[in-house]
Amino acid sequence: VIKAVYRALVEAEHRSMTPAPYWNLPFANQLVPRLRAFNSDLDLLNDVLNELINKAKNTRVIEDIEELEKRDYANVKDPSLLRFLVDMRGADIDNKQLRDDLMTMLIA
């Protein structure tokens, strides 16, 4: 997973500096080895993040906003940014939005 994260970051940097988005060309994702590896890494990261998101949503304890604001995350069993996002946004947030938020924070 760590290698997949690193390679995804390298690809994000490469794309930010490449003037022509060749990865949008038809069949580029199947023909270019770099893009095949990137898509494989992205699939792995999405699977892991989806698993973690589902776990965080399933273990969510419903509390009102005031109690959540007072919560000491240093003493929580799962003191992660994902736990905080799930707790603050509630169960109505979809997995895609959470996954996109986490990926944005990873790349930023």
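Because only heavy atoms are used, hydrogens play no part in the values below, and waters and symmetry mates are left out as well, while side chains stay in.
Pairing each heavy atom of A8 with each of L45, the nearest pair is CB-CD1, 4.0 Å. In plain terms, the two heavy atoms of L44 and A4 that are nearest each other are CD2-CB, 3.8 Å. Taking each heavy atom of Y22 and L35 in turn, the nearest pair found is CE1-CD1, 3.9 Å.
A distance of 11.5 Å separates CD1 of I53 from CG of N58, quoted to the nearest 0.5 Å. How far CD1 of I2 is from CZ of R7: 11.5 Å, rounded to the nearest 0.5 Å. If you take CG on L102 and CG on L52, they are separated by 8.5 Å, rounding to the nearest 0.5 Å. Here the straight-line distance linking atom CG of L49 with atom CG of L98 works out to 10.0 Å at 0.5 Å rounding.
Q97 pairs with exactly one of D100, D94, D101 by the side chain to side chain donor-acceptor pair (under 3.5 Å) rule, that one being D101.
Residues L25 and F38 do not share a hydrophobic cluster, clusters being chains of Ile/Leu/Val/Met/Phe/Trp/Tyr side chains in contact below 4.5 Å. Using a 4.5 Å cut-off between side-chain heavy atoms of Ile, Leu, Val, Met, Phe, Trp and Tyr, with links allowed through other members, M105 and L9 fall into the same hydrophobic cluster. Put simply, V1 and V10 are part of two different groups of oily side chains (I, L, V, M, F, W, Y) that touch within less than 4.5 Å, one to the next.
The shortest side-chain heavy-atom distance between W23 and R15 falls under the 4.5 Å cut-off.
The backbone N or O of Q30 lies less than 3.5 Å from a partner atom in the side chain of R36, making a donor-acceptor pair. For the pair K57 (side chain) and I93 (backbone), a donor-acceptor distance under 3.5 Å is present.
In summary, K55 and E51 do not engage in a salt bridge, as defined by a charged side-chain N under 4.0 Å from a carboxylate O.
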Are T104 and R99 close enough, and set up right, to give a side chain to side chain contact (heavy atoms under 4.5 Å, CB included), and what steps lead you there?
CA-CA 9 Å; T104 297; R99 189 182 66 246; over 6 Å; no
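In the displayed structure, Y6 atom OH is contacted under 6.0 Å by at most 12 heavy atoms of other residues, nucleotides or ligands.
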